[in-house]
Amino acid sequence: MGDQRFHQLLNALGKAYASADAGSEQRKVAREREQQRAQWLAEREAAILEIVDLMHRHKLGLDDLA
């Protein structure tokens, strides 16, 4: 194997590692986004349930909101 081929293989190997690192970072960011979305949905659900509870306690219906 000549020097040129050796350097080509080393460059290819370096690119493969860089690509794998980038993929791992992208997966991490995607997981973080999914966790943020799940938290947002939970907060949204809690707010809706609180509104419904308040409406029931004050005997309000949908017509009262208009």
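Keep in mind that what you see is a predicted model, and the values were worked out from it rather than measured.
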**OP:** Report the distance from atom CG of Leu54 to atom CG of Leu49, rounding to the nearest 0.5 Å.
**Re:** 11.0 Å

Original post:
Is Leu60 reachable from Leu62 through a run of hydrophobic residues whose side-chain heavy atoms are each under 4.5 Å from the next?
Top reply: yes

Original post:
In terms of side-chain heavy atoms, does Gln36 have a donor or acceptor partner in Glu32 at a distance below 3.5 Å?
Top reply: no

**OP:** Give the C-alpha distance, both sets of side-chain angles, the deciding distance and a yes or no for side-chain hydrogen bond (donor to acceptor under 3.5 Å, both in side chains) between Glu43 and Gln39.
**Re:** CA-CA 6 Å; Glu43 290 171 2; Gln39 182 176 349; 3.1 Å; yes

Original post:
For the atom pair CG (Asp53) and NE2 (His58), what is the distance rounded to the nearest 0.5 Å?
Top reply: 9.0 Å

Original post:
Which value, rounded to the nearest 0.5 Å, describes the distance between Asn11 atom CG and Lys15 atom NZ?
Top reply: 6.0 Å

Subject >> Distance, nearest 0.5 Å, that separates CD of Gln8 from CG of Leu13 >> reply: 13.5 Å

**OP:** Check the pair Arg31 / Arg27 against side chain to side chain contact (heavy atoms under 4.5 Å, CB included), numbers first and verdict last.
**Re:** CA-CA 6 Å; Arg31 279 192 305 271; Arg27 286 188 296 276; 3.8 Å; yes

**OP:** Look up atom CZ in Arg37 and atom CZ in Arg44, then write down how far apart they are to the nearest 0.5 Å.
**Re:** 8.5 Å

**OP:** Give a yes or no answer on whether the side chain of Asp64 reaches the backbone of Gly61 with a donor-acceptor pair at less than 3.5 Å.
**Re:** yes

